[in-house]
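Only one structure is covered here, and it is reproduced in the block below.
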Amino acid sequence: MNSCSSDSESQPGTNPIEKGEIVADYIIDGYVDDFVIGTDNIVYKIGQTDDEKGSRYMGLKKVDPQGKETALKYLDLGNFNFANLTFANNGDLLMVAKGNTPGSDKILRFENNFSDLKPFYTMKPISSPFASKINLLSISNNGDNTFFVFDYGNRQIKRFFPELSGDMFVAGSEKNEIKDGTGLNASFGTVLKMISLNNVQYIIDNFYESSNGAYKSSNIRKVEYVNNEWKVTTLISTTNDESYNDITFDSKNDLYVAVKGKGIYKLNLQDNSLSSFKEGEFKVRSTGQKITNSFGSIKMIKFIGNDMYMATSSDLIKISDFQTKFAKAAAEK
């Protein structure tokens with residue numbers, strides 16, 4: 001559920017802040033496929049949008065710390081759905097897009113002040129005659145100027161080395177299944193999210209039946225280098241509608257999980273237990289807008305220091321000093 005008020009109702013001084021209401025730095029309307037946060041707290045987001053003439057595109061936009069939104073690049077909606085973004089260590093903005101059929105085997109880079117999108121690297125083709133075309137669905141910067149990608153076409157994770165202009169196999173049997181193990185003995189379903197900490201990849205891997213695409217399970221797994229092999233281990237799983245929407249680390253390296261329909265949780269990596277961080281309804285406002293929604297609607301979360309960024313299906317929200325504001329709102333309820 002999502003409700004908005006008019007500008008006049010939300011201006012400071014004209015409508016008192018309600019008890020339990022959180023004051024956000026900004027609320028940006030619009031669908032978000034993915035977003036990343038660059039230097040100076042500038043957000044780069046991509047999702048379906050309309051241009052000035054009302055034509056529908058996939059649009060890359062930036063949002064400054066005050067919430068000013070600027071369109072950077074419009075892309076063909078049919079070719080660039082399922083877009084996933086990451087930064088290189090030098091600040092370059094990279095993207096993979098599963099729906100980009102002509103170039104689904106390419107890592108793309110925005111160039112010339114984001115006005116151009118060009119191939120940055122083309123994954124090495126698989127030599128097997130039974131291999132499918134490489135179709136990159138997700139990407140993660142490992143923090144050491146190497147990148148991990150998930151090839152949806154062949155259900156494999158690979159690692160890209162820009163300085164060597166090459167890539168290597170990490171794990172994946174090419175079978176559509178959730179199976180722990182090492183290298184070729186491990187199997188993946190659909191890896192939707194990948195994040196890195198201390199050379200370990202943490203992933204959200206959803207399993208859908210090959211025959212009819214029916215959803216069966218959502219799994220948080222880790223991929224780590226152990227005894228000269230890449231080992232895949234499932235940490236937690238759910239087999240109902242409470243799938244995992246997102247995972248992210250905060251500045252203290254605590255792992256947060258956005259659980260569909262429930263809320264935001266912390267995952268204890270010592271015993272793989274979930275504990276509630278935020279559930280139920282939240283009310284948030286910024287200058288010009290006010291919404292009521294559920295923490296179970298959160299699709300994406302990210303942290304930069306004490307600032308929290310949340311994306312629902314229709315809004316991007318920044319809340320600075322989030323711990324203090326959440327605690328105050330909870331105390332007022």
Side-chain angles (χ1 to χ4, degrees), residues 30-39 42-49 51 55-63 69-126 131-170 190-196 201 203-204 300 302 311 316:
Y31 189 87
V32 181
D33 262 13
D34 196 17
F35 73 94
V36 291
I37 306 162
T39 57
I42 294 176
V43 172
Y44 295 84
K45 69 185 187 77
I46 191 162
Q48 293 186 29
T49 187
D51 67 3
S55 298
R56 181 58 55 93
Y57 289 93
M58 285 294 289
L60 177 72
K61 297 182 177 182
K62 72 175 182 179
V63 182
E69 189 175 33
T70 304
L72 299 174
K73 179 72 174 174
Y74 292 112
L75 301 167
D76 181 83
L77 183 63
N79 282 346
F80 292 96
N81 52 358
F82 300 104
N84 191 231
L85 303 171
T86 194
F87 278 114
N89 289 8
N90 64 359
D92 285 346
L93 182 59
L94 307 181
M95 183 178 76
V96 297
K98 173 180 173 291
N100 182 23
T101 304
S104 64
D105 58 347
K106 295 174 175 57
I107 299 173
L108 307 167
R109 179 172 65 182
F110 289 94
E111 301 178 358
N112 298 326
N113 201 26
F114 308 98
S115 62
D116 294 326
L117 180 65
K118 296 183 178 180
F120 179 55
Y121 177 75
T122 300
M123 302 295 295
K124 292 184 297 186
I126 300 174
S132 300
K133 180 181 178 181
I134 293 172
N135 194 337
L136 301 181
L137 175 59
S138 50
I139 185 170
S140 168
N141 185 337
N142 195 49
D144 57 0
N145 205 35
T146 68
F147 300 83
F148 285 78
V149 295
F150 176 66
D151 172 11
Y152 175 80
N154 296 282
R155 314 281 177 173
Q156 293 180 340
I157 288 178
K158 299 170 185 175
R159 191 177 189 181
F160 163 50
F161 298 82
E163 294 179 355
L164 302 176
S165 191
D167 64 82
M168 64 175 290
F169 169 81
V170 172
T190 301
V191 178
L192 297 171
K193 300 283 184 176
M194 306 176 71
I195 60 173
S196 176
Q201 294 294 313
I203 66 175
I204 294 179
M300 286 171 277
K302 297 184 190 296
L316 175 67

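These numbers come from a predicted model, not from an experiment. Numbers here are sequence positions counted from 1. Values reported hereafter were calculated over all heavy atoms of this structure, with side chains retained and with hydrogens, waters and symmetry mates removed.
The number of heavy-atom neighbours closer than 6.0 Å to NZ of Lys73, taken from other residues, nucleotides and ligands shown, is above 12. In Phe82, the CZ atom is not crowded: 12 or fewer heavy atoms of neighbouring residues, nucleotides or ligands sit closer than 6.0 Å.
Using a 4.5 Å heavy-atom cutoff, the side chains of Met58 and Gln48 are in contact. Contact check for Ile134 versus Val149: no side-chain heavy atoms found under the 4.5 Å cut-off. The shortest distance between side-chain heavy atoms of Leu136 and Ile107 falls below 4.5 Å. Leu137 has its side chain within reach of Leu192: a pair of non-hydrogen atoms, C-beta onward, lies under 4.5 Å apart. Looking only at side-chain heavy atoms (C-beta outward), Phe160 and Ile139 stay at 4.5 Å or farther from each other. At a threshold of 4.5 Å between non-hydrogen side-chain atoms, the residues Phe147 and Asn142 do not count as touching. Taking the side chain as every heavy atom from C-beta outward, Met194 and Ile157 approach each other to under 4.5 Å.
The line from CG of Leu85 to CD1 of Ile46 is 5.5 Å long, rounded to the nearest 0.5 Å. Going from atom CG of Asn154 over to atom OG of Ser132 covers 5.0 Å, rounded to the nearest 0.5 Å. Here Leu94 contributes atom CG and Leu117 contributes atom CG; the two are 10.0 Å apart, rounded to the nearest 0.5 Å.
Contact detail for Asp33 and Ala83: the closest heavy-atom pair is OD2-N, 3.7 Å. Closest non-hydrogen pair, Phe87 versus Leu93, comes out as CE2-CD1, 4.0 Å. Taking both residues in full, the closest heavy atoms of Gln201 and Ser140 are given as OE1-OG, 3.1 Å, listed atom of the first, atom of the second, then distance. The heavy-atom pair separating Val32 from Met300 by the smallest distance is O-CE, 3.4 Å.
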Candidate pair Phe148 and Ile203, rule side chain to side chain contact (heavy atoms under 4.5 Å, CB included), full reasoning: CA-CA 11 Å; Phe148 285 78; Ile203 66 175; over 6 Å; no

Give the C-alpha distance, both sets of side-chain angles, the deciding distance and a yes or no for side chain to side chain contact (heavy atoms under 4.5 Å, CB included) between Phe110 and Tyr44. CA-CA 11 Å; Phe110 289 94; Tyr44 295 84; over 6 Å; no

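With sequence neighbours excluded, no residue satisfies ring-ring contact (aromatic ring centres under 6.0 Å, His included) with Phe80. For the ring-ring contact (aromatic ring centres under 6.0 Å, His included) test, no residue two or more places apart in sequence or in another chain qualifies with Tyr31.
Screening residues 91-105 for side chain to side chain donor-acceptor pair (under 3.5 Å), with sequence neighbours left out, gives Asn90-Asp92, Asp92-Arg109. Within the structure, every pair that satisfies the salt bridge (Lys or Arg N to Asp or Glu O under 4.0 Å) test and touches residues 146-160, not counting sequence neighbours, is listed here: Asp144-Arg159, Asp151-Lys158. Listed by first and then second residue, the side chain to side chain donor-acceptor pair (under 3.5 Å) pairs that reach into residues 76-87 are Asp34-Asn84, sequence neighbours excluded. Among pairs with a residue in residues 113-126, those fulfilling side chain to side chain donor-acceptor pair (under 3.5 Å) read Asn112-Asp116, Tyr121-Asp167, at least two apart in sequence or across chains.
Between Tyr152 and Phe150, the ring planes are perpendicular. Angles over 60° get that label, and only those under 30° would be called parallel.
For the pair Lys302 and Phe35, the cation sits on the ring face: its NZ or CZ lies under 6.0 Å from the ring centre, inside 45° of the axis.
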